[in-house]
Amino acid sequence: MENKDGYLQLKKKLQEELLAALEREKEWTDEEIMEQIDELIVAVSREIYMSGYRKLILKQELFNSVRRLDLLQELVDDREITEIMVNGAGDIFYEKYGRIFRWEKAFESNEKLEDVIQQIVAGANRRVNEASPIVDARLADGSRVNVVLKPIALNGPILTIRKFPEEPMSMERLIGQGALTGEAAAFLERLVRAKYNIFISGGTGTGKTTMLNALMDYVPKDERVITIEDSAELQVHNIENLVKLEARSATADGEHQVSIRDLIKSALRMRPDRIIVGEVRGAESVDMIQAMSSGHDGSISTGHSGSPEEMLSRLETMVLMGTDIPLLAIRKQIASAIDIIIQLERLRDKSRRVTEITEVIGCENGEICLNPLFIFEEKKVEGRSDRVSEAANYMAGTAEVEGRLVPTGHSLVRRKKLEAAALALGAGL
């Protein structure tokens, strides 16, 4: 029974028998399903020889096919895998240790893949179909899920799962991995405790949510914190007075939607000490900026961009989407609302680093002014020009990037919140 095609045929036959058996009852416990699978395997093993190991694998795969995520469950259970990418039934990729690999396994059909997708989406109280082919959801363990179906997806159902560590990443672990220095982390700790408004900026997969989770460890435990997300991902464990809000998509008839904007407005009436918005992508930035600049200090949020300057420009555009305020007024409001921008990047060696911590110090002559406080400096290879060194590293592909986040020598300008909180910074800041 070691032939691959023969095994797949047997597995498909037993899946059909198992599903037929499960339809005879309304509710089955996991234990009852396992017992039913055991009976099927015992029956078939009288006719076909299978090793004990093969029986165990078959039992788990059959259970996963009806109770969990079918063949994807193996990838979900692997703690070292951080991302799962399914481009139709036959093309499955995963990210491990910062690198992407193709998986040798595949779904038997797009229909089977769609069954798994519908199971995931239903578990998160979401809906996806041809009329509404895009949805964000999450798994029971908090992993983020994005689904795109036909007719938008041309090469079959697209499923992307972003996994998160079972335990939130602490700042100490980020320091140990070289994402930032202890000096920079201590600086950020004081800013969080002093209730500076912080915006975390970076591209896809740079670790924005990870950084946000780490910063939450610095929030005093006696504060009332409200988190607002499109799909809940944050792992906050140190706050007792915690309210977690999640947006809801509209139903098939376009009703009952609860947007990020709705949640921010509602949060303002909940007596929050801090409002944490997982990510801003549109008109909700208006309400977030207004909340930050209207006495709700200590707010933290994230957004997609390649630099602090680009993030500010994107925020301007997003605010313009939700209001008709003149651009100069928008810039002044953003400059007064956001105190600090933390820029994250994924370098060519796949490492995730903080590459800049900059202060927003105001708006002069119609432009928002920035004050860089920490900058990532890459260590140069001795005896080579910058261009030669860069080319060599690019060709190497896997060469580790050496460098660290260093202070620029600029002092923090906005010190009022630090003084109010009776906190001091290190020398030079």
Side-chain angles (χ1 to χ4, degrees), residues 68-78 81-96 98 100-103 106-107 110-165 200 202-210 212-213 227-235 245-252 257-260 263 277-282 284 301-305 318 344 346 352:
R68 303 176 80 185
L69 302 184
D70 206 324
L71 59 86
L72 292 182
Q73 193 63 46
E74 181 180 340
L75 299 180
V76 171
D77 290 340
D78 189 331
I81 290 177
T82 54
E83 193 111 21
I84 303 167
M85 296 151 278
V86 183
N87 306 333
D91 294 316
I92 302 177
F93 300 84
Y94 62 90
E95 182 185 53
K96 194 170 188 176
I100 295 177
F101 303 90
R102 187 186 186 106
W103 205 30
F107 285 95
N110 279 336
E111 288 70 26
K112 182 59 181 175
L113 172 55
E114 288 182 5
D115 289 343
V116 172
I117 288 173
Q118 293 299 339
Q119 179 182 340
I120 293 172
V121 171
N125 293 317
R126 301 292 175 98
R127 178 181 298 181
V128 64
N129 49 45
E130 287 192 5
S132 180
I134 301 176
V135 70
D136 290 314
R138 71 178 186 276
L139 301 180
D141 65 359
S143 298
R144 185 172 65 195
V145 178
N146 175 263
V147 174
V148 184
L149 299 182
K150 293 181 178 179
I152 304 301
L154 302 181
N155 55 332
I158 308 300
L159 172 65
T160 308
I161 300 175
R162 169 74 60 80
K163 293 174 58 184
F164 296 98
I200 303 169
T204 301
T206 54
K208 297 184 295 296
T209 302
T210 299
L212 179 49
N213 276 323
T227 65
I228 298 172
E229 301 176 82
D230 186 47
S231 184
E233 302 172 14
L234 295 177
Q235 298 171 291
L245 303 178
E246 182 181 54
R248 183 177 69 187
S249 303
T251 58
Q257 179 183 17
V258 180
S259 67
I260 296 288
L263 295 178
V277 182
E279 181 182 346
V280 292
R281 290 179 285 190
E284 68 272 4
S301 187
T302 76
H304 281 78
S305 91
M318 288 188 282
L344 305 175
R346 193 169 185 178
R352 298 172 174 91

For [X], what residues pass the side-chain hydrogen bond (donor to acceptor under 3.5 Å, both in side chains) criterion, not counting sequence neighbours?
X: Q235; result: none
X: R352; result: none
X: R138; result: E246

Under 4.5 Å between any side-chain heavy atoms of [X] and [Y], yes or no?
X: L149; Y: E130; answer: no
X: L71; Y: I92; answer: yes
X: M85; Y: I100; answer: yes
X: T210; Y: L344; answer: no
X: T302; Y: T209; answer: no

Name all residues meeting the side chain to side chain contact (heavy atoms under 4.5 Å, CB included) criterion together with [X]; count only those two or more places apart in sequence or in a different chain, and write none if there are none.
X: E114; result: P157
X: E229; result: T227, A232, E233, L234
X: A106; result: none

Rounded to the nearest 0.5 Å, what's the gap from CD1 on I120 to CD1 on I161? Could you check?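 Taking CD1 in I120 and CD1 in I161, the distance rounds to 4.5 Å.
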Here the gap from H304 atom NE2 to E279 atom CD, rounded to the nearest 0.5 Å, amounts to 5.0 Å
Sequence neighbours left out, what pairs pass side-chain hydrogen bond (donor to acceptor under 3.5 Å, both in side chains) with at least one residue falling in residues 85-95?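 Qualifying pairs, neighbours excluded: T82-E95, D91-R102, E95-R346.
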Considering all heavy atoms, the nearest [X]-[Y] contact:
X: I152; Y: P133; result: CG1-CG, 3.3 Å
X: L113; Y: L159; result: CD1-CD2, 4.5 Å
X: I134; Y: V128; result: N-CG2, 4.2 Å

[X]: salt bridge (charged side-chain N to carboxylate O under 4.0 Å, His left out) partners, not counting sequence neighbours:
X: K150; answer: none
X: D136; answer: none
X: D78; answer: K96

Between [X] (side chain only) and [Y] (backbone N and O only), is there a donor and an acceptor less than 3.5 Å apart?
X: Q119; Y: D115; answer: no
X: S301; Y: V277; answer: yes
X: Q257; Y: A247; answer: no
X: K163; Y: L75; answer: yes

Step by step, would you call R127 with V135 a side chain to side chain contact (heavy atoms under 4.5 Å, CB included)? CA-CA 7 Å; R127 178 181 298 181; V135 70; over 6 Å; no
Exactly one of T204, N146, L139 clears side-chain contact (heavy atoms from CB on, under 4.5 Å) with R162, and that residue is T204
